[in-house]
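Structure first, commentary second.
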Amino acid sequence: MITIASPIVGDEEIAAVTDVLKSGILAQGPKVAELEKVFADYCGVKYVAAVSSGTAAIHAALYAAGVGPGDEVITVPFSFIATVNPIIKLGATPKFVDIDPKTYNMDVKKLKRSITNKTKVIMPVHLYGQPADMDEIMKIAKAHGLLVVEDAAQAVGATYKGKKTGALGDIGCFSLYATKNIMCGEGGLITTDSEEFITAIRQFRQHGMSGVYQYEGLGYNYRMTDIQAAIAIEQLKKADGFNAKRQKNAKALAEKLQHNKKLELPKELDDRSHVYHQFTVRLKDAIPSRDKIVEAFKKKGVGVGVYYPQALHTIPHIAKHGFSLKDFPASLSAAASVLSLPIHPNLTDADLDTIAAATQEVV
Ligand SMILES: *Cc1c(COP(=O)(O)O)cnc(C)c1O
């Protein structure tokens with residue numbers, strides 16, 4: 001079976017974990033501090049905080065941005081649900097801007113009209129590994145006095161006009177979940193150039209403490225362990241190599257599938273790099289039978305994925321914030337017609353042939 005994701009653990013990760021286990025410091029310690037330093041250098045930002053997950057990263061980032069009851073946070077309805085749940089958890093209201101059907105990222109032409117006097121943060125998602133239109137988003141945010149939090153969970157190492165994700169907005173959020181481009185099982189990273197934000201984030205991940213049992217406000221236990229950090233440090237050394245392999249696989253797959261009239265292939269924009277967390281195609285006229293298509297792939301030994309089958313504004317606990325099931329047609333259409341093919345760095349040339357052949361037969 002060719003799986004949709006495949007975490008790559010080498011001898012380096014195993015040795016690094018063994019060292020931590022022998023060191024006597026297992027919870028947040030020197031390895032977390034080292035990871036924060038190397039990731040800050042990698043992204044080109046001043047500060048990084050490591051946390052327990054990408055979801056925790058988004059929660060802490062929005063908290064540091066001052067999001068609370070009465071505020072609105074603008075994001076997209078076509079993403080993983082962890083983009084939106086932290087907004088609701090903070091007592092704020094999610095607002096959505098529909099996506100561009102070609103890139104699946106925020107349609108910035110529609111952004112301005114969704115800003116109100118309650119808007120506090122704009123949170124674009126770099127979906128599937130390609131950065132959103134950050135210049136336009138930053139320009140609109142500045143003009144309205146808003147902060148920008150990047151959901152970069154799928155886009156570690158991707159660049160926009162030469163700058164890395166995580167260094168494009170005011171705060172950036174990454175995930176190190178097992179299927180992401182680099183991983184440590186579970187984990188998250190937060191990037192920023194602001195001393196004020198990083199201080200708030202570090203307190204928030206540690207019960208709101210600024211010193212020993214000195215409480216500054218609300219907080220949780222969102223710490224990362226040194227065991228996880230040791231894995232992530234080794235993964236980060238390999239990140240550019242992993243991404244290059246994903247890009248090479250994407251190019252090969254796109255070439256093999258370019259004449260299939262029933263598929264719309266991923267669109268790469270010139271001024272940014274796509275790190276292919278997912279290689280997502282759109283099924284042009286096979287929409288009613290997508291479940292059957294997924295089954296047929298499985299029978300041929302190819303694990304495909306649907307990211308994501310439901311637009312977020314249609315999920316009951318989000319819909320009740322005032323959305324109609326007919327809102328955001330581009331997101332509804334994408335949710336009904338996308339399909340992701342395996343693209344991870346572990347694939348062989350033979351695997352890519354198998355995936356392409358299965359796609360030609362099934363679709
Ligand atoms: C994975 C992901 C998250 C959440 O990260 P976790 O580490 O799983 O909590 C948030 N947003 C997007 C777009 C993601 O893909």
Side-chain angles (χ1 to χ4, degrees), residues 4-5 7 32 35 39 48-63 73-90 94 96-97 99 103-106 121-132 134 137 148-158 165-166 168-169 171-191 201 204-205 220-225 228-229 231-232 235-236 243 246 274-280 305-313 315 318 331 334-335 338 340 343-344:
I4 185 78
V32 167
L35 172 62
F39 196 66
V48 167
V51 291
S52 52
S53 70
T55 310
I58 295 169
H59 188 194
L62 293 177
Y63 176 82
V73 175
I74 296 175
T75 185
V76 282
F78 190 60
S79 181
F80 183 48
I81 197 160
T83 304
V84 173
N85 280 340
I87 301 170
I88 296 169
K89 167 110 175 157
L90 285 162
F96 293 117
V97 174
I99 57 163
T103 62
Y104 307 101
N105 277 332
M106 184 181 281
V121 168
I122 303 170
M123 183 161 50
V125 180
H126 307 314
L127 201 72
Y128 303 142
Q130 178 158 247
M134 290 304 292
I137 292 167
V148 174
V149 173
E150 296 171 68
D151 181 343
Q154 303 189 354
V156 66
T165 57
L168 302 167
I171 309 179
C173 300
F174 293 85
S175 166
L176 296 168
Y177 178 63
T179 64
K180 297 282 157 71
N181 287 27
I182 61 168
M183 65 93 215
C184 63
E186 297 274 7
L189 293 162
I190 307 167
T191 53
I201 287 162
F204 192 70
R205 85 170 158 192
Y220 297 95
N221 175 357
Y222 276 171
R223 294 182 305 259
M224 177 186 279
T225 67
Q228 293 161 297
I231 301 172
Q235 290 270 302
L236 186 59
N243 284 344
R246 284 176 180 272
H274 192 323
V275 294
Y276 285 98
H277 174 60
Q278 298 296 349
F279 183 93
T280 301
V306 175
Y307 309 106
Y308 294 90
Q310 214 178 340
L312 297 176
H313 68 286
I315 296 167
I318 300 172
S331 294
V338 291
S340 299
I343 199 71
H344 59 76

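In each ligand, atom 1 is the first atom listed, and ligand 1 is the first ligand listed. Just so it is clear, the values below take in all heavy atoms, side chains as well, and ignore hydrogens, waters and symmetry mates. Bear in mind the structure is a predicted one, so any value in this text is a computation, not a measurement.
Every residue two or more places apart in sequence or in another chain that forms a side chain to side chain contact (heavy atoms under 4.5 Å, CB included) with Thr225 is listed here: Ile227, Gln228. In terms of the side chain to side chain contact (heavy atoms under 4.5 Å, CB included) criterion, residue partners of Tyr128 (sequence neighbours excluded) are, by chain and number, Phe78, Tyr104, Gln154, His274, Gln278, Thr280, Tyr307, Val338. Take Thr83 and apply the side chain to side chain contact (heavy atoms under 4.5 Å, CB included) test, not counting sequence neighbours, and it matches Thr75, Ser79, Met123, Val125, Asp151.
In this structure, Glu186 CD and Ser175 OG are separated by 7.5 Å, a value rounded to the nearest 0.5 Å.
When side chains are defined from C-beta on, Ile81 does not count as touching Tyr308, because their heavy atoms never get closer than 4.5 Å. With a 4.5 Å cut-off on side-chain heavy atoms, Tyr220 and Arg205 do not count as touching.
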Are any protein N/O atoms closer than 3.5 Å to the N/O atoms of ligand 1? If there are, list each pair with names and the distance to one decimal place.
unit_1   : atom_1 : unit_2 : atom_2 : d
ligand 1 : 5 (O)  : Ser175 : OG     : 3.3
ligand 1 : 7 (O)  : Gly54  : N      : 2.8
ligand 1 : 7 (O)  : Ser175 : OG     : 2.7
ligand 1 : 9 (O)  : Gly54  : N      : 3.3
ligand 1 : 9 (O)  : Thr55  : N      : 2.8
ligand 1 : 9 (O)  : Thr55  : OG1    : 2.5
ligand 1 : 11 (N) : Asp151 : OD1    : 3.3
ligand 1 : 11 (N) : Asp151 : OD2    : 2.8
ligand 1 : 15 (O) : Gln154 : NE2    : 2.8
ligand 1 : 15 (O) : Lys180 : NZ     : 3.1

